[in-house]
Amino acid sequence: MFNENKKKVATIIKTGEASSSPRLNGTQRLKECVLILAVLVSIFCTVALFTFNPADPSWSQTAWGMDIQNSAGIVGAWVADTLFFTFGSLAYPIPLIVTAVAWIFLRNRDQEEPIDLMIWGTRLLGLTVLILTSCALADLNFDDIWYFSSGGVIGDVLTSLAVPTLNVLGTTLVLLFVWGAGFTLLTGVSWLAMVEWIGDYSIRLVTALVNKLRGEKEENISAIVAQPQEEAVEPMFTSESASRRDSFENDGLAQNEVSHPVEEPLSDKEAKQTRHFNIHMPEVAPKVEASAVSLGFQADKSFDEPVNEREHSLSATIEQLEQAALNDEDLPHYQEQTIEDIENRQLEDSEVSAMPWAQESEEHIYPDTQENPALEHELEPVLSSRHLDHVVEDVEPNLEQQEPTISTFDVIDDLEEPEPHQSESNSESQFVDSDVEKFEEVTESPLIDSDLAEQPVDEDVDAFQSLVSDAQANAAGKQNPFLVQKESFLPMPAEPLPTLELLYHPEKRENFIDREALENIARLVEAKLADYKIKARVVDIFPGPVITRFELDLAPGVKVSRISSLSMDLARSLSAIAVRVVEVIPGKPYVGLELPNVSRQTVFFSDVVSSPTFTEAVSPTTVVLGQDIAGDAVIADLAKMPHVLVAGTTGSGKSVGVNVMILSMLYKASPEEVRFIMIDPKMLELSIYEGIPHLLTEVVTDMKDASNSLRWCVGEMERRYKLMSALGVRNVKGFNDKLKMAAEAGHPIHDPLWREGDSMDPEPPLLEKLPYIVVIIDEFADLMMVVGKKVEELIARLAQKARAAGIHLILATQRPSVDVITGLIKANIPTRVAFTVSTKTDSRTILDQGGAESLLGMGDMLYLPSGSSHTIRVHGAFASDDDVHAVVNNWKARGRPNYIDEITNGDQTPETLLPGEKMEGDEERDALFDQVVEHVVESRRGSVSGVQRKFKIGYNRAARIVEQLEAQGIVSAPGHNGNREVLAPAPTRDMN
Ligand SMILES: Nc1ncnc2c1ncn2[C@@H]1O[C@H](COP(=O)(O)OP(=O)(O)OP(=O)(O)O)[C@@H](O)[C@H]1O
C-alpha cells in the first residue's frame, strides 16, 4: 500500500517536471507542425484569393502560353478559382476560418480537459449552417464576381431550390433567421443578451448625450435605479447563484421546481430590480411621559433658578459668568446669615460633600432647590467627572487651609488668600464657583469678628470655633472622596415614588433605516441560501434597535433544521458576527433570520421605564427586561414568573439585567409592598442597595448567612401558608385584600397563630399586610459550591411552593453548568433569561434549546417565559451606576430599613428545624454508621480497609463512613502513616 503510494507520488513529480521543460513532447510537436501548416495554407489562400486573375489557367479556365498573374503561381490560381467557384465572394473569409479551426483543434490543451461532444457537435452544425446560409444570402443579394456566382455553387444550388417556392424576400428572411440560429449554435452568444446589451448601451449613450446637452455632469436618469443594486449585490454572487436567485423571484416557478434548483432558467432581470421587500419600520417609541415630566420640570425650574440660566449660557464669556456670579443674590444672602446658620450649614456641607457623588445625588433629590436635573442629565458625562475632580482638588486643600485658621487667630491673614483662588475657580467652572462661595461664607464670619476688635476673645466665638474645628477635623478624616460613606440627613422627596428625572435620558437619537441597504441584504440572504441549495424568499423585514429580522418563506419541502444547522456558515458568508435562526415564529408560517445591525443602539432603562407598557402595569413586582427586536418595551411580572433564572457568561450583562429588575421594582413598589433579601457573594454588585428601606436584612455576602436567609424564607413561607389557610385565601394578594376589607369593616384580624406566651402582649397582635419578598442571588454558583446540596434543597423547596406565599427568586449565575443549574432547580424555575453563552450546550442547559450562543452580548438576551417553549429575543435595558445610585439615594432619603436579625443569625438547632428538615449532617449519615461505630470501638481499629472488609462495602462508602466517624470525634484524623486512632473509649463489658 505504502509503496504504491510512493510510486504515485514519484509519477506526479515526474510529470510536473516534464511539463515545465521547454521541449515539446511527440504529440505536441506534431500538433504544432500541423498548426504551422494550417497558417501557411491560410496565408497562401489569402495571397491566392487577393491576387486572383481570371485570365490565369485554372480549374474552370484554360489559357495557353501566358504568364501566370497570380502571386501564388499556378497552384494559387487553381486554389483561388476553386474557392471562388465553390463559395463565391465568401471565399475571402475561408483562410481566416481555416486558421481559427486549426487553432481550436491544435492548441495545447490540458490532458484532463474533457471534450464535450454536445458542444462540439453544435459548433460544427453552426459552422455548416453559417457557411451555407451565408453563401445563399450572398448569392441572392450580392453582385457576381468575375464569372463566378457571388454565393458560389453552394449559394446557387440553395437559392435555386428555395426561390421557386419562397420567392426572393421569403428566402432572404428564412436564410437570415437560419443564419442567426447558426451563429448561436457556433458561438453560444445569446441574441437576447445582445439585445439587452445594445439596449443598455443605447440608453447610456442617450443619457450621456442628454446630460451633455443639459450641461450637467454624471447624472444618470434611468440607470440610477438599477446601478446600486447591481454593484452592491452582483460581485458577491456566483453567476450560477445569481441565475438561480433570479429564477426564484417568480413564485410559480419556485413552487414547481423545488427538485431542480440548479438547472433553473434565467428569468427576467427587471423583475429582480424592481422587486421591493416589505420593510416594517419601527414606530417611534412614545416617550410622552418622560419628556412631559422633564419638560414640565424644566419650565418650573427655569423660573426659580437663576443658577440654571447660568448653566444654560454655556457660550458666555468668563467675565460674563463672573459678573453673573457676583450679581447672584445667593452671595449677600449668605453673608447675612447668622453664626448658627453658618455652623449648621458647615456641618451639613462637610457631611454631604464627603461623598464624591453627594452633590449630584442632592441635585436629584431636591429638585426644587437644586439645578435642573433634566439639564444635568444632558451634561452628565462632563459634569460627573469634573465634579469628582473638583471634590478631590478643591475640597481637600481648603480643609487643610481651614483647619489651622479657625483654631487659631494668628492665621487669619492667610484667610484672605482664597480671593485669588476664588477668581481662578470662577474661571474654571460653575461648580468651583459654588465651592468657593461656600468656602468664603465659612471663613468670612470669623474674619469679621476678629477684625471688629482686637479684643478679648468672645466666649461664644470660642465655642463656635472649637465646634467647627472639631467637626472639620472629623470630616477631614472621613472625607476621602474615594471612600463610600453612609450619608445622612437626606431630605425626604415629595413624590411617593422615585421620578424619571433621576435617570439618564439619552439625547435624541437618529434612527436612520436605509431601505436600500436592507433590500440588498435581503437579496444577499436569498442568494446565500440558494448557494446552499435552500430556496427561500424574504417576505418581511423588521429592523430593530440592535438586530434586523428577515422573515423567510421556505419553498415547500425545505426543512427548517437545514437553515439552523447553517447558521454559522450564513454568519460567515454574510460577514455578520452571529446569525440567529428563529425556527418558529408564533402565528406565522415563516422562519426568522436575525442579523446584527451595523450600528447598535443602546436601550436605556429610562426608555423602557417611561413606556406606557410599564407605567400602566399595576403589579408592584413588574420588572423591566428591555426592548424586543422591534423596539417595543418588554416587561414581566415577577409574581407570575414566579421565579427567574438569569445566566450568561461573564460580561454578558447579567448584573445590569438584575439591577434593572431591582430598579424597576423600586420604581413601582413601596417597602410595604415589596421587600428584598439580597445575596451577593461577589460583594460588589448588590451592595449599592445597602440602606434602602426595602431590605429585610443587610446585603448578605457571607455564604453561611445566605443559607440561613434561605432557611428563614422557607420558614416565612410556611408561616404565610398557615396564615393564608387560617384566613381561607389562596395567595398573598387575597390575604392583603381580606385584611383591608376586615379593617374597613371595623373588624381588624388578630394573628390566629399567636399562642399565649409567644409575646408579652395580653392579646394576639393585629395581622399586618404581607409584602412580596424577592430574594435575589447574584452568582448563585458560588453559593452552590460553598454551601452545596443544602442550598439546592432550600431553593427547590422555595421554588416549589413560594409562589402563593409571595416569595420570589431571582437567581443569577455565570456558570450555566449542570452542577449549578441542576435538574431540581430547573424543574422548579420555569422562567429563564439567557444572556450570551459560549456554547450551544450552555444554552441548552439554561433554556433547554440553543440560540443563546448566537447572541451579541452587552445585554442581548433570550427570555423564556414560564410555560412557553418559544424564546423572545430582548435587548436588555441599560442602567448605569449613576442611575442606580440616584434611585437608591432617593429611597434612602425616604426611610431606613428595618432589618430582621433572625434572617441571618438563625442558628440551626433541633428546635429551629423546619418541618421535614433534618439537622445538617444527619441526612448524610450512612445506614451502617451505628454498626461501624460499634465495630470500630470494639476492635479499636478505624481504618477504611478494615471497615471495607468487615462490612463488604466499596472503598468510597467505607471512606465516607470513616470520615463521618472522624466528624463525630470517634476516630482521629489520619496520622502521618495514614492510620487513625480510635478516640472513643472502649465499651465496658458487662461482667455478669
Ligand atoms: N443592556 C446593556 N446595554 C448596553 N451595554 C450593556 C448592557 N448590559 C451590559 N452592558 C455592558 O456590558 C458590561 C458588562 O455587564 P455586566 O457587568 O452586567 O456583566 P456580567 O455578566 O454581570 O459580568 P460579570 O459576571 O463579570 O459580573 C457593562 O459594563 C456594560 O458596559
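When a ligand or atom number is given, it counts from 1 through the structure's own listing order.
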> Parallel, tilted or perpendicular for Tyr504 and Phe604, by the 30°/60° rule?
Replying inline: perpendicular

>> Could you identify the single nearest non-hydrogen protein atom to atom 18 (O) of ligand 1 and state the distance to 0.1 Å?
In response: Val656 N, 2.9 Å

> Do Ser838 and Glu853 have a side chain donor and acceptor closer than 3.5 Å?
Replying inline: no

> For residues Thr548 and Asn597, is any side-chain donor paired with an opposing acceptor at under 3.5 Å?
Replying inline: yes

> Is Gly876 close to ligand 1, meaning an N/O of one under 3.5 Å from an N/O of the other?
Replying inline: yes

> At what distance is the nearest protein heavy atom to atom 14 (C) of ligand 1, and which residue and atom is it?
Replying inline: Gly651 O, 3.7 Å

>> Taking only non-hydrogen atoms of Gly648, do any sit less than 4.0 angstrom from ligand 1?
In response: no

>> Side chains of Ser880 and Asp882 only: does a donor on one sit below 3.5 Å from an acceptor on the other?
In response: no

> Using heavy atoms and a threshold below 4.0 Å, how should the contact between Lys654 and ligand 1 be classified: side chain, backbone, both, or neither?
Replying inline: both

> Which protein non-hydrogen atom lies closest to atom 22 (O) of ligand 1, naming both residue and atom, and how far is it?
Replying inline: Ser655 OG, 2.6 Å

> Which ligand 1 atoms are under 4.0 Å away from a heavy-atom of Ala877?
Replying inline: 1 (N)

> Tell me, which protein residue and heavy-atom name are nearest atom 31 (O) of ligand 1, and how many Å apart are they?
Replying inline: Phe878 CE1, 4.3 Å

> Do the charged groups of Lys654 and Asp778 touch, with an N to O distance under 4.0 Å?
Replying inline: no

> Considering only protein heavy atoms, which is closest to atom 3 (N) of ligand 1, and at what distance to one decimal place?
Replying inline: Met858 O, 3.4 Å

> So do Glu551 and Val538 actually touch side chain to side chain, heavy atoms under 4.5 Å?
Replying inline: no

> Short list, please: which atoms of ligand 1 are under 4.0 Å from a heavy atom of Lys682?
Replying inline: 24 (P), 25 (O), 27 (O)

> Can His875 be said to touch ligand 1, with heavy atoms closer than 4.0 Å?
Replying inline: no

>> For Lys826, is the NZ atom crowded, meaning more than 12 foreign heavy atoms sit under 6.0 Å from it?
In response: yes

>> Side chains of Asp637 and Thr621 only: does a donor on one sit below 3.5 Å from an acceptor on the other?
In response: yes

> Is any side-chain N of the basic residue among Asp848 and Arg832 closer than 4.0 Å to the acidic one's carboxylate O?
Replying inline: yes

>> Is the terminal nitrogen or CZ of Lys892 (NZ for Lys, CZ for Arg) located under 6.0 angstrom from the six-membered ring centre of Tyr689 and within 45° of that ring's axis?
In response: no

> At the 4.0 Å heavy-atom cut-off, does Thr649 count as touching ligand 1?
Replying inline: yes

> Does Thr602, backbone or side chain, put an N or O under 3.5 Å from an N or O of ligand 1?
Replying inline: no

>> Under a 3.5 Å threshold, yes or no: a donor from one side chain and an acceptor from the other, between Glu792 and Thr822?
In response: yes

> Looking at atom 24 (P) of ligand 1, what's its closest protein heavy atom, distance included?
Replying inline: Thr650 OG1, 3.5 Å

> Do any non-hydrogen protein atoms sit less than 4.0 Å from atom 29 (O) of ligand 1?
Replying inline: no

>> Below 3.5 Å, N or O to N or O, backbone or side chain included: is there any such pair between Arg600 and ligand 1?
In response: no

> Considering distance alone, does some N or O of Gly653 sit under 3.5 Å from an N or O of ligand 1?
Replying inline: yes

>> Any heavy atom of Glu685 closer to ligand 1 than 4.0 angstrom?
In response: yes

